[in-house]
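Notes follow once the structure below has been shown.
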Amino acid sequence: MKTVVLLYETCCIYEIVITNYFLKVCGHDLVFATTDGNAITAQEGFSLNATCALSEINPKDVELLLVPGGNISSISNEEVYSFIRAVVDNNHLVAGICNGVDELDNAGILEGMESTHSVKENLVVGDNVITARANMYVDMAIAIGKKMNLFKDEADLQETIDFWKLHKSFC
């Protein structure tokens, strides 16, 4: 199974860096996909290479699809919407943050469920869909970690919360 990070011009990398870190440290296979397989420039100015084009990935092989925020106009198309719907239809996890939530909404998967578009919460965790506002990148990473069983036990989870969310020093 793969974690697919959907990259596009102007996507906000800071919103997904902690999630990517948690996944990589836990041995998950990260795939950075763009619609055409070409490199992009993120909002922060980083040039990022894609692993492949989105069309090269079978949605059945996706354990998590992560959609960061940014100017989603370059990914607002039926190819992307179909991919998002296929991941959800396979009962796998989809997470969107900031304008990434708009892309999930445009794909039609938020209809009839609570999300940051339908309630005033900053983070909404559903069965297979997680939506977050931009300032909730740490909370989203922890929520994804819980859903994907990335934490060894409650102590590991609490240590993660203490460090990343509460900024406690362990030195």
Side-chain angles (χ1 to χ4, degrees), residues 1-8 11-40 42-44 46-70 72 75 79-101 103-104 107 109 115-116 123-134 136-165 170:
M1 297 296 279
K2 301 172 183 175
T3 292
V4 176
V5 179
L6 181 56
L7 298 178
Y8 55 93
C11 65
C12 294
I13 296 304
Y14 82 88
E15 296 173 342
I16 59 169
V17 166
I18 296 171
T19 301
N20 291 344
Y21 174 75
F22 288 175
L23 291 160
K24 194 68 174 170
V25 165
C26 292
H28 287 256
D29 183 19
L30 294 171
V31 175
F32 297 95
T34 59
T35 55
D36 59 9
N38 293 330
I40 59 96
Q43 182 69 38
E44 300 85 355
F46 298 114
S47 178
L48 301 168
N49 292 322
T51 308
C52 63
L54 193 62
S55 62
E56 297 174 42
I57 301 168
N58 184 339
K60 291 179 181 178
D61 296 334
V62 177
E63 63 182 345
L64 166 65
L65 173 61
L66 184 55
V67 184
I72 60 169
I75 59 166
E79 175 193 8
V80 174
Y81 302 154
S82 294
F83 192 87
I84 292 169
R85 288 191 298 266
V87 173
V88 170
D89 289 346
N90 286 308
N91 292 315
H92 294 148
L93 189 59
V94 173
I97 186 165
C98 192
N99 287 346
V101 177
E103 192 67 358
L104 304 184
I109 67 163
S115 72
T116 54
L123 175 73
V124 178
V125 180
D127 291 336
N128 294 86
V129 178
I130 296 174
T131 59
R133 300 194 196 286
M136 298 301 286
Y137 56 93
V138 173
D139 297 78
M140 182 186 73
I142 291 168
I144 289 170
K146 286 179 182 178
K147 281 283 191 185
M148 297 181 69
N149 299 310
L150 300 181
F151 305 108
K152 290 182 276 189
D153 51 31
E154 281 298 314
D156 185 31
L157 170 60
Q158 190 57 53
E159 182 180 311
T160 301
I161 292 169
D162 288 346
F163 182 82
W164 290 100
K165 189 171 165 118
F170 294 99

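Formation of a donor-acceptor pair under 3.5 Å by the Asp36 side chain with backbone atoms of Asn38 is found in this model. In this structure a side-chain-to-backbone donor-acceptor pair under 3.5 Å is missing from Tyr8 to Ala33. The backbone N or O of Ser115 sits nowhere less than 3.5 Å from a side-chain atom of Thr131 that would complete a donor-acceptor pair. A donor-acceptor contact shorter than 3.5 Å links the side chain of Asn128 to the backbone of Asn91. In terms of modelled atom types and a separation under 3.5 Å, the side chain of Asp61 and the main chain of Met1 share no donor-acceptor contact. With Glu103 contributing its side chain and Gly96 its backbone, the two residues share no donor-acceptor pair below 3.5 Å. In this structure, the side chain of Glu44 engages the main chain of Ile13 through a donor-acceptor pair within 3.5 Å. Of the possible polar contacts, none joining the Gln43 side chain to the Cys11 backbone as a donor-acceptor pair under 3.5 Å is found.
Between Leu64 and Lys2, every side-chain heavy-atom pair lies at or beyond the 4.5 Å cut-off. Side-chain contact check for Val5 versus Val31: every heavy-atom pair is 4.5 Å or farther apart. Between Ile130 and Leu93 the shortest side-chain heavy-atom distance falls below 4.5 Å. Tyr137 places none of its side-chain heavy atoms less than 4.5 Å from the side chain of Val17. Contact of the Leu66 side chain with the Val4 side chain is not registered, since no non-hydrogen atoms from C-beta on lie closer than 4.5 Å. His92 has its side chain out of reach of Leu65: every pair of non-hydrogen atoms, C-beta onward, lies at least 4.5 Å apart. In this structure the side chain of Leu123 never reaches within 4.5 angstrom of the side chain of Arg133, judged on heavy atoms.
Across every non-hydrogen atom of Cys12 and Pro68, the tightest pair is O-CB, 3.7 Å. The two residues Ala39 and Asn49 come nearest to each other via the heavy atoms CB-OD1, 3.6 Å. Across Leu150 and Phe22, no two heavy atoms sit closer than the pair CD1-CB, 4.0 Å. Nearest heavy atom pair, residue Phe32 against residue Leu7, reads CB-CD1, 3.6 Å. Shown here for Glu15 and Ala134, the closest heavy-atom pair between the two residues is OE2-CB, 3.4 Å. Residue Leu104 comes nearest to Ala95 through the heavy atom pair CD1-C, 4.2 Å, listed as atom of the first residue, atom of the second, then distance.
In this structure, Phe46 places its CZ atom where only 12 or fewer heavy-atom neighbours from other residues, nucleotides or ligands lie under 6.0 Å away. Under a cut-off of 6.0 angstrom, the local environment of CG in Asp127 is sparse, with at most 12 non-hydrogen atoms contributed by other residues, nucleotides or ligands.
Between Leu6 and the choices Thr34, Ile84, Val80, the side chain to side chain contact (heavy atoms under 4.5 Å, CB included) rule is met once, by Val80.
Here salt bridge (charged side-chain N to carboxylate O under 4.0 Å, His left out) pairs that include residues 83-101, with residues two or more places apart or in two chains, are Glu78-Arg85. Sequence neighbours left out, the pairs with a member in residues 138-155 that pass salt bridge (charged side-chain N to carboxylate O under 4.0 Å, His left out) are Asp139-Lys165. Here side-chain hydrogen bond (donor to acceptor under 3.5 Å, both in side chains) pairs that include residues 18-30, with residues two or more places apart or in two chains, are His28-Glu63.
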Go through it in stages, so that I can follow the logic: the residues are Val62 and Phe83, the test is side-chain contact (heavy atoms from CB on, under 4.5 Å), and I'd like the CA-CA distance, side-chain angles, deciding distance and then a yes or no. CA-CA 10 Å; Val62 177; Phe83 192 87; 3.8 Å; yes

What verdict does the side-chain contact (heavy atoms from CB on, under 4.5 Å) test give for Val67 and Ile97, after you've listed the backbone C-alpha separation in whole Å, the side-chain angles of each residue and the deciding distance to 0.1 Å? CA-CA 7 Å; Val67 184; Ile97 186 165; over 6 Å; no

So Glu79 and Leu54, side-chain contact (heavy atoms from CB on, under 4.5 Å) or not? Walk me through it. CA-CA 9 Å; Glu79 175 193 8; Leu54 193 62; 4.2 Å; yes

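To the nearest 0.5 Å, atom CG of residue Leu157 and atom CG of residue Asn149 are 11.0 Å apart. From Cys98, atom SG reaches atom CE of Met136 across 13.0 Å, with rounding to the nearest 0.5 Å.
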